[in-house]
Amino acid sequence: MLTFTCPYCGVHADETELAPGGEAHLKRFGPGSEDEAFEDYLFKRENPKGMHFERWRHAYGCGKWFLAARCTTTLEVFGTYPAQTTEPPQEIKDKISGKRPGWTWRLFS
Amino acid sequence: MSDAISPIGDRVTEAFVTVRGMGPRGMITVRGDLSSSKLKAVCTGLAGVDFPKAGHANCVGEKGLCWMSPDEVLILVPYDQTAAALKTLEQALAGTHYMAANVSDARALILLEGAGGREVLAKLAPVDLHPDSFGPGQFRRTRLGQIAAAFWMRDSETFEVICFRSVADYAFDLLSASAKEGPVGYLVP
Amino acid sequence: MSTRLATGGRFLDRARPVSFDFNGKRLRGLAGDTIASALLANDQMLVGRSFKYHRPRGVVASGAEEPNGLVNLGKGAKFEPNQRVTTTELFDGLQAASQNHWPSLEFDVGAVNARLSRFLPAGFYYKMFIHPRSFWKHIYEPFIRQSAGLGKAPKDRDTDTYEHFHAHVDVLVVGGGIAGLAAAMAAGQAGARVLLIEQTAHWGGRAGVDQPQIDGKPAQEWIDETVAALGQMPNVQMRLRMMGAGVYDHGYVLAYEKLTEHDPSLAGPRQRLWQVRTARVITCTGAIERPLSFAGNDIPGVMLASALRDYVVNYATSAGDRTVVVTNNDDAYRTAIALKAAGLVVPCIVDARPSPAGELIQTAREMGIRVEAGKGIAKVKGGKRVTGVAICAQAGEGAVLEEIACDAVAMSGGWSPVVHLWSHCGGKLVWDDEKVMFRPDAARGPTGADGALFVLPGGTANGALQTADVLSDAFAAGQAAAQATGHKAKGKAPAGSDPAEGPISPVWMMPQGAGISLREKMWLDYQNDVKVSDVQLAAREGYESVEHAKRYTTLGMATDQGKLSNINGLAVLSDALGAAIPNVGTTTFRPPYTPITLAAIAGVAKGDLFQPVRKTPMHNWHAEHGAEFEPVGQWHRPYAFVRKGETTHDAVAREVNNTRKAMGLLDASTLGKLIVKGPDAGRFLDMMYTNMMSNLAVGKCRYGLMCSENGFLMDDGVVARIDEDTWLCHTTTGGADRVHAHMEDWLQCEWWDWKVYVANVTEQFAQVAVVGPNARKLLEKLGGMDVSKETLPFMQWADGTIGGFDARVFRISFSGELSYEIAVPAGQGLAFWEALMAAGEEFGVMPYGTEALHIMRAEKGFIMIGDETDGTIIPQDLGLSWAISKKKEDFLGKRAQERSHMTDPNRWKLVGLETLDGSVLPDGAYAVASGHNGNGQRNTQGRVTSTYMSPTLGKGIAMGLVLNGPDRMGEVIEFPKLDGTAVQARIVDQVFFDKAGEKQNV
């Protein structure tokens, strides 16, 4: 039963107030894309033991989607941030680097 | 047109907290740029209260403004003033990107009267209702049992709870059941 | 015999006698007793039978770890099995009955199993019941079911009430012994918001029994002062009878509060399940004493040393007149001293250590108690009650040196910290060789959202055994927890002092060289009958992992979850494997700490509150007019309005026929209604729907299909263009919230620069479908807006009034009939419905339900989301290519529908199916093809998706997905039925009625 702070409304929300949305920062591939790129987009997901970036919706609250940087083993939350971005904020990446030097996740490090 | 029927009408449960079903209330969902002075002005003009900051509601009597999300505010007015309020909004915001939807009939309003209201809600919602954490002026959208709901405090002993119309009976019965079980003696001495 | 002592008893109120029933026998106890203490006071040592061998069982412990004393409690609606006598407080009129015996506790036929025990070793069930395979279903399984379970399942509905409560604190302290009190004091003084909970009815824990000195005064005095001081702190809350049941991620803790069980005169909920969110949990959960493994250690009268002195000190109850103490540590001497001080006889302390020394040993000797060092128990004598012990050299093989008559044995194998709550969320343990225990490994605990440890063990639960260490450790934990939540630590730890103790010596078997005949009588798990020899057998048979050995032997799988047996069992296993104890490790500690009721987990969510029921504004009218409801999502919709003398089937047929011939009303309020508005709304809807919505003219309606990004059809509905930048999207009844969330997802996470707002206004409106040839006549009679064909043609909408009601009228049809769907404000819904019913009487109006709706749409060949779709169906499968734009460059699902599997010409396609004999095809039936697949099953070539008896056509009609179906019109295929027969059906066009659509377009 995780808790996350919604970056939009500031509510420290219980997991039961949230809806999970899978992996964050997927890049959409539409008509005209190669089969392999489309397959990656639609089906291939990270399943890390460690740092992960996820989508959550504050479903029982303000209704907004946000993203969370979380360690799947220690459950440490390095931050939550609005979904209107294609990569994690530098501040959160720095925070992760402080504790997990050399971390990588997809294209980020 | 007949008089509007509220989904819970005048149902009342008397327990250590009184659970009271309320008649219809005018409610308008406004989505738009909440930083726009034009939008703020028309909202505060209609509700007669200051524009609320995030996580807050300013309500006086039947009127008020509730902060719903970064691009949504809920205007409360007496039920029979809803149509006029919508017209005022349309005139004021014409030409801007916004949405105003009448949701008066889509919602039910329930009052919790008594100091124990905090405990009745804390039995059902995963929210910190300690007086240091939640008080008059604040507004919380959350889960009440298995449904979505929102609440704020009219004063230190009165909560106003809103939920969707279709689950009004469930919400009323849920709050009544919790009230009937009596105080916990945790948030209220 | 066991009896009540004339004086003493910390918890007893001698002025308040109570009476209670045990196995129908009326017994007397005192207020403050547990069932266990009251039974012992009545010389009722025998309390139950073990699970496998039906061995006689007596009380062995005094707390939550009790494996034997389980009873069926209460009667009727209050009945509850498997209640521990050691933790159940006595009240006047309590009724308890022992379990797992027949015909009686004293004489149990099942005890024959014990005679056969040599043939019923570990793994017996696995070996016995696997062959022959055919015996399982009719012979073995019924036999096992018959003998499974200790208590009886309740038969009556539980009439008590239960509830939940959410609490948010800085520091939760679990355990109200001196460690918990000290931790709460440290955190409370620092200003943190603290909740302190204790599972029993008393503060102070074992210190109240042993009375060490704290801050220079007797422990009880310090406990009373501290409880009073904590009670004065506004930031500290204290609750008794509340157990920390489980620790979960991010400081979520379940706590189980018992409110009325100890006193039936109390009102209110029976139990309350607390969902606590805390920044830090301090586990001051103490320790549990370990039994020793010697032959006959399960005979009633053999008890934990600490339990014996608990009963004497707390309840003035002696378990026996003559008690032999057997130990490997100094603490058990306290029992000998306490018993002696109470005037009881302690013939001997049998100490396995060759040369015990320490202040407690000195005291015992000075009191004249005989101490036999380097000795063990070879064998306990007795059947249903201890009659004596035979002692031997611990170092030997069990040659009897002496027999000592006694009626109780106090055993102590040392103490195991209660690490359960530390471990629930992944906290690791370390083996302490010196203290002979697993204790929390402070470096490897569960971490919270802030990345720091959020569980802090304190006191004995952290391995501290001396009062001074317990207090300083717990106080430090309290300060650390307060500091972690932004508070400044204040004050200093209370100081404790105990007599100095000598070292414990690990003793896992007594005597050390015991042969098989002794090992077969050394019990590890009293409830499940697992013995030292069973664990050794498991090791020999290759069950080297502690988790495997547990499941093979059932060690620790009883209701007590191995609180007494786990450490002893794994020590035996590690010895048998020749491995060190830490290398073998423990089994996993899982919540709850002790069993909690399902009722507490359910809370108020039972009966009418089990699940929310969504009701339309006309719900009560429907209920009053014969509606049989069916759930659609959480909505309850009328399935049919059944009249007196009608079957449901009759009612459905009547509703269909009447709607087609005259007129019907459908409550369509549940259909989802989403407003989509903004300069980019058209562009957005073009992405959401497979067809074009941006070019829909204001005032018109269009049927649209919505696919997920992987191409599958997820929802459908009619879209209306309201004005230049506003659309109203109808969704299916169950789809409103999902589609709304889907739209918000794409707007927020992909096209966040598009100017579009969406609002779900489903419940703002009551919507009524007025359907049938007389529909227009009714609306014209009510008066108001022009609803003529010319002004409001098919697939258009208009705002206006009908009979004085503000209305938005859509000319859409899901039945093939002339049809108006009319939305009015929900608060007017009932009045509008009643107006339609009243005015419609002369036109033959009748309400109809969802089944009539389904039949009429099937007669017209319209698909239904959830019938024709199942998450694997694309619009192209359903002959809906006409609703897929060829012009649009992109829409959700377009790319996916280009995948090779989606364009495979062999995908099953939608067709109509007509049985040759007019019967109704079974729903979901498969059409068989020639040949068999790799699993030896018949090949299939299609399946039924919708099937009904059509009242309009007087025969069965169906739709189904069939291989190359649209190319096989007229062909007959076969559908096997469950009864072994098969039904032949012809592939036909799916539109069975009014193929030209003339009826709806008038």
Side-chain angles (χ1 to χ4, degrees), chain B residues 1-7 24 27 29-32 71-72 79 82-83 97-108 119 121-130 132-133 144-148 163-171 173-174 177-178 180-187 189, chain C residues 161-169 193 195 234 237 239 267-269 272 274-275 277 603-605 608-609 611-617 619 634-635 669-670 675 677-679 725-726 755-766 801 804-806 824-832 835:
Chain B
M1 188 127 77
S2 341
D3 287 341
I5 300 172
S6 116
M27 298 187 201
T29 289
V30 177
R31 293 194 66 183
D71 60 4
E72 182 179 342
Y79 186 79
T82 317
H97 173 43
Y98 81 103
M99 170 191 274
N102 180 1
V103 293
S104 315
D105 289 64
R107 302 256 167 83
E119 293 195 339
L121 285 173
K123 293 179 184 190
L124 304 169
V127 175
D128 183 358
L129 283 149
H130 192 283
D132 294 349
S133 306
L144 207 61
Q146 301 169 59
I147 58 169
C163 66
F164 281 112
R165 178 187 194 98
S166 66
V167 289
D169 279 344
Y170 171 82
D173 293 342
L174 194 64
S178 295
K180 284 182 201 155
E181 294 295 351
V184 176
Y186 178 76
L187 292 172
Chain C
T161 58
Y162 302 79
E163 69 178 14
H164 291 178
F165 191 72
H166 295 86
H168 297 251
V169 296
R193 201 193 286 177
L195 173 59
Q237 294 267 0
R239 317 276 302 190
R272 183 180 292 131
W274 289 60
Q275 302 183 48
R277 279 285 181 189
V604 294
D608 290 341
L609 292 173
Q611 206 182 33
V613 170
R614 296 179 75 182
K615 299 173 181 174
T616 75
H619 182 92
Q634 288 179 327
W635 289 102
S669 307
T670 59
I675 299 176
K677 179 175 188 261
D725 63 358
T726 311
K755 288 191 162 72
V756 183
Y757 287 124
V758 181
N760 184 351
V761 295
T762 301
E763 301 199 19
Q764 171 65 17
F765 300 100
T801 61
F805 291 87
D806 286 335
V824 299
Q828 307 284 328
L830 177 60
F832 182 61

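Here is the naming used below: chain letters follow the sequence lines, and residue numbers restart at 1 for every chain. Owing to the predicted nature of the structure, the values given are computational and were not obtained by experimental measurement.
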query: Would you find a donor on one side and an acceptor on the other, under 3.5 Å apart, between the side chain of B:R165 and the backbone of C:P617?
result: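 Side chain of B:R165 to backbone of C:P617: no pair is present.
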Contact part of [X] toward chain C, heavy-atom cut-off under 4.5 Å: side chain, backbone, both or neither?
X      : value
B:P24  : neither
B:A122 : both
B:A125 : backbone
B:N102 : both

Could you tell me which of [options] has the largest number of non-hydrogen atom pairs under 4.5 Å with chain C?
options                       : value
B:L187, B:L124, B:L121        : B:L124
B:A177, B:P7, B:G32           : B:G32
B:P126, B:G182, B:A101        : B:P126
B:K123, B:E119, B:R107, B:H97 : B:H97
B:Y98, B:Y79, B:Y186          : B:Y186

query: Between C:V756, C:N760, C:V169, C:L195, which has the largest tally of heavy atom pairs under 4.5 Å with chain B?
result: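 When all of C:V756, C:N760, C:V169, C:L195 are compared, C:V756 has the most.
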- prompt: Who wins among C:V758, C:V613, C:V824, C:T762 for the most heavy-atom pairs under 4.5 Å with chain B?
  reply: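 Of C:V758, C:V613, C:V824, C:T762, C:V758 has the most heavy-atom pairs under 4.5 Å with chain B.
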Given a strict heavy-atom distance threshold of 4.5 Å, which part of [X] is in contact with chain B: side chain, backbone, both, or neither?
X      : answer
C:V761 : side chain
C:T161 : both
C:R277 : neither
C:E163 : side chain

message: Taking the basic N atoms (NZ, or NE/NH1/NH2) and the acidic carboxylate oxygens, is any pair closer than 4.0 Å for B:E181 and C:R272?
response: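 No.
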